[in-house]
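This report concerns only the one structure given below.
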Amino acid sequence: MIYDAAVSTAGNAQVEAWTLDPDDLRSPSSWTDTGQQAAFIRLDGPATSALNGLPPFPLIGLGDARHLLAGQMDAMIEPPVSAEGLVRSIGVSPRAAAVAVQLLRNLHGVPVTQALPLESLCYATLQGSAEHAAWLKARTVPDGLGAAGQLLVERDGPALQLTLDRADARNAIDSALRDQLYDAFSLATLDRDIQCVQLRATGATFSIGGDLHEFGTTRDPATAHLIRSRTLPAIAISRCPARFEVHVQGACIGAGIELAAFASRLTAESDAWFQLPELAMGLIPGAGGCVSIPARIGRQRTALMILSGRRVNAATALRWGLIDAIESHPAR
């Protein structure tokens, strides 16, 4: 099969493509190679029982999603993601990839209020990693993005209209904008007369995610975790998700889609696209995405987005359930 050659030679990742052998795959000794970064399993053979344990690295399925063992895979290859692409991206940050899939496995069924701190702790772990340090050292950040982020807040009867207003920086979410979002959703939680919280953004881009200028500002992982525990907008959003509506346009990256995915209704312009690029930074989604996105598209497709870093267009997002509809709304 094509994956024999592609998976074994792409990049410098230590990966393997295995045929489905029930005896080998169900033996704990199969996962003891400490140099292993990922495993690709061809799901085209018989299977009569589940795997006996999962490896501490990504387990990727190739083939029939209806296979008995497909549900135990961390991800199943499907467009727009290829096996070759996953090998390359996992090879850049194998530790972050391992943390990502282990976290997603263990968050299933965990209440949001308990899941968000677990995501933050895993994110904090990776903030102190060599992979993230290497990204910080090598990154190229453009000159200052201008004024601090601003959130426009308008009350229209029972509706609270919020607008990300930092179009010159493609609505990058800096600490100022993060704090304003937290405050606005805290208000919505306290004021029961607010029946709907609507989030939009100015400009051609909904949000490119966290402001890269602020990455690495807090180098102590424990301190960074405590800051998120007090200021993460997802914490406030999770208290009123049934009243939360979002419409996005253009790029919706990182924290942008992580927060938007909490909404009870999420719509998008036809030009919208979505991406979780954190793995290339030696990180995982840390704005709530490991909680909000699986609730919409499941653990496996979330892992596929995280591990590949690939863009997902609006049509695919609709088919997956990441968004609820493709609609055209007047720009704010």
Side-chain angles (χ1 to χ4, degrees), residues 100 103-104 107-120 122-123 149 151 153 159-164 171-173 177-192 194-201 206-210 228-249 251-268 272-278 284-299 301-303 305-306 312 314 317-318 320-325 327 329:
L103 176 64
L104 291 174
L107 286 184
H108 180 69
V110 177
V112 174
T113 54
Q114 298 175 30
L116 288 174
L118 295 176
E119 178 194 85
S120 180
C122 289
Y123 188 89
L151 182 70
V153 181
L160 187 66
Q161 298 178 345
L162 309 177
T163 305
L164 305 178
N171 293 312
I173 300 175
L177 192 50
R178 176 202 66 199
D179 292 346
Q180 292 172 66
L181 283 165
Y182 183 89
D183 290 344
F185 281 97
S186 295
L187 170 64
T189 300
L190 295 171
D191 189 346
R192 301 305 299 180
I194 297 175
Q195 299 175 13
C196 179
V197 183
Q198 301 170 336
L199 179 63
R200 297 283 302 275
F206 179 76
S207 176
I208 59 170
R228 281 190 297 275
S229 299
R230 295 181 174 92
T231 63
L232 192 69
I235 296 173
I237 291 172
S238 68
R239 299 179 183 132
C240 57
R243 294 180 282 158
F244 184 29
E245 298 178 0
V246 183
H247 183 74
V248 308
Q249 75 278 1
C252 188
I253 303 173
I257 182 56
E258 295 179 59
L259 296 179
F262 279 104
S264 61
R265 181 165 174 78
L266 171 55
T267 59
W273 53 271
F274 309 87
Q275 183 182 25
L276 295 175
E278 291 87 354
I284 60 173
C290 295
V291 181
S292 62
I293 295 176
R296 283 186 161 269
I297 66 175
R299 171 178 65 89
R301 281 174 169 161
T302 301
M305 289 186 69
I306 294 173
V312 174
L318 180 62
W320 285 4
L322 183 59
I323 61 175
D324 298 306
E327 299 176 354
H329 290 191

Residues forming a side-chain contact (heavy atoms from CB on, under 4.5 Å) with [X], sequence neighbours excluded:
X	answer
Cys290	Leu103, Leu104, Leu107, Glu119, Ile284, Pro285, Ile306
Thr231	Arg178, Asp179, Ile227
Ala201	Leu164, Asn171, Phe206, Gln249
Ala295	none

Nearest heavy-atom neighbours spanning [X] and [Y]:
X	Y	result
Tyr182	Leu232	CD1-O, 3.3 Å
Gly254	Pro277	N-CD, 3.9 Å
Leu160	Ala188	CD2-CB, 4.4 Å
Tyr123	Gly286	CD1-CA, 3.5 Å
Pro241	Phe262	CB-O, 3.7 Å

Can you list every salt bridge (charged side-chain N to carboxylate O under 4.0 Å, His left out) pair that touches residues 181-191, not counting sequence neighbours?
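Applying salt bridge (charged side-chain N to carboxylate O under 4.0 Å, His left out) to every pair that reaches into residues 181-191, excluding sequence neighbours, yields Arg155-Asp191.
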Pairwise side-chain contact, Arg296 with Asp324, heavy-atom cut-off 4.5 Å (strictly under)
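A side-chain contact exists here, since the closest heavy-atom pair is under 4.5 Å.
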Met305 and Ile297, any side-chain heavy atoms less than 4.5 Å apart
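Yes, side chains in contact.
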Starting at [atom1] of [X], measure out to [atom2] of [Y] and round the result to the nearest 0.5 Å.
X	Y	atom1	atom2	answer
Ser207	Glu258	OG	CD	10.0 Å
Ile323	Cys252	CD1	SG	9.5 Å
Trp320	Thr302	CH2	OG1	9.0 Å
Leu259	Leu266	CG	CG	11.5 Å
Leu181	Leu151	CG	CG	5.0 Å

Partners of [X] by side-chain hydrogen bond (donor to acceptor under 3.5 Å, both in side chains), sequence neighbours excluded?
X	answer
Arg200	none
Gln195	none
Ser292	none
Arg301	Glu78

Less than 3.5 Å apart, which donor and acceptor atoms pair up between the side chains of residues 109-118 and the rest of the protein, not counting sequence neighbours?
none

Phe244: what forms a ring pair (Phe, Tyr, Trp, His ring centres under 6.0 Å) with it, not counting sequence neighbours?
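Testing Phe244 for ring pair (Phe, Tyr, Trp, His ring centres under 6.0 Å), a comparison that skips the adjacent residues, returns Phe185.
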Could you note down all residue pairs passing side-chain hydrogen bond (donor to acceptor under 3.5 Å, both in side chains) where residues 234-248 supplies at least one of them, sequence neighbours left out?
His247-Thr267, His247-Glu269
